[in-house]
Amino acid sequence: MSFNPETRRLSVGLDNGTISEFILAEDYNKMNPTRTYSAGVTALCWDPVQRLLFSGSSDHSIIIWDIGGRKGTALELQGHHDKIQSISYAHHSRQLISCSADGGIVVWNMDVERQETPEWLDSDSCQKCDQPFFWNFKQMWDCKKIGLRQHHCRKCGKAVCGKCSSKRSTIPLLGFEFEVRVCDSCYESITDEQRAPTATFHNSKHNIAHVHFDPTRIWLLTSGTDKVIKLWDMTPVVS
């Protein structure tokens, strides 16, 4: 376990690989769960300058752990369709290079002010239209309506129904380079500038098994399950 008394954030790691985070109440009599991370870690990269730990996992996501800041913050990056095979950090340009098993190569701009993804809120009814969710039998009986399925807005974290979250949008500063579900009000609040991508996407055209990055020459070597080794000049995108 690790506890930060300033933020009252408790991190608990289990033998099965699950990491859970909690926020303790001011009187220390209640713990509110904030996130659980259980996917198998497949790649790690350490930035000694900013003291950031990058971890890639089999659930296609990358987590940025702020070790040096001692605030317990963790930022999420979603830009792959398969498990992460390798992560490399280019210090001179503050760019992160990640490769996935399906051959995808993503170059992330880390010189931007990224934000933590919001906590998902719990509710028995839609926090926009107040329609009951399907397990809220009392409200369903009182209003004589069939319960709805619960969703969550990726921008504000509110529990919403499908009708109130019919829109999709990218939110790059929250790590969502692909379109995700957002509530209608958050969709209207996202500007074109906030939708601007913070990563570039490239296809290595073979299933990547191993990767090595040479930061001196800015070369990327990929070896695939097709028994082919490719050497990439990354200077056009890492600069």
Chi angles and distances behind the side-chain contact (heavy atoms from CB on, under 4.5 Å) call for Phe213, Ile97
CA-CA 9 Å; Phe213 177 66; Ile97 306 169; 3.6 Å; yes
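- Cation-pi contact between Lys230 and Trp232: absent, since separation from the ring centre below 6.0 Å together with deviation from the ring axis within 45° is not met.
- A distance-only check finds no donor-acceptor pair linking the side chain of Gln85 to the backbone of Gly103 [under 3.5 Å].
- How far OG1 of Thr222 is from NE2 of His210: 10.0 Å, rounded to the nearest 0.5 Å.
- In this structure, Arg114 forms no cation-pi arrangement with Phe176, as its terminal cationic atom is not both closer than 6.0 Å to the ring centre and no more than 45° off the ring axis.
- Side-chain contact check for Thr191 and Glu193: no donor-acceptor pair (N or O, by modelled atom type) lies under 3.5 Å.
- Ring pair Phe201/Trp108 is perpendicular by interplanar angle, where above 60° counts as perpendicular and below 30° as parallel.
- Between the side chain of Arg195 and the backbone N or O of Ile190, at least one donor-acceptor pair lies under 3.5 Å.
- Using a distance-only test at 3.5 Å, with no hydrogens or angles considered, no donor-acceptor pair links the side chain of Glu76 to the main chain of Ile63.
- Checked by atom type and distance alone, the side chain of Asp82 never pairs as donor or acceptor with a backbone atom of Ala101 at under 3.5 Å.
- Ser57 and Lys83 share no side-chain donor-acceptor pair at under 3.5 Å.
- From Ser166, atom OG reaches atom CG of Asp184 across 4.0 Å, with rounding to the nearest 0.5 Å.
- Side-chain atoms of Thr198 never come within 3.5 Å of backbone atoms of Asn109 as a donor-acceptor pair (strictly under, hydrogens ignored).
- Classification of the Phe133-Trp135 ring pair by plane angle, with boundaries at 30° and 60°, yields tilted.
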Applying side chain to side chain donor-acceptor pair (under 3.5 Å) to Ser204 and His202, what does each step give before you reach the verdict?
CA-CA 7 Å; Ser204 68; His202 314 273; over 6 Å; no
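- At least one donor-acceptor pair under 3.5 Å links the side chain of Ser123 to the backbone N or O of Ser125.
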Evaluate Asp142 against Gln139 for side chain to side chain donor-acceptor pair (under 3.5 Å), listing each step before the verdict.
CA-CA 5 Å; Asp142 292 341; Gln139 188 175 349; over 6 Å; no
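- At distances below 3.5 Å, not a single donor-acceptor pair connects side-chain atoms of Gln131 with backbone N or O atoms of Cys161.
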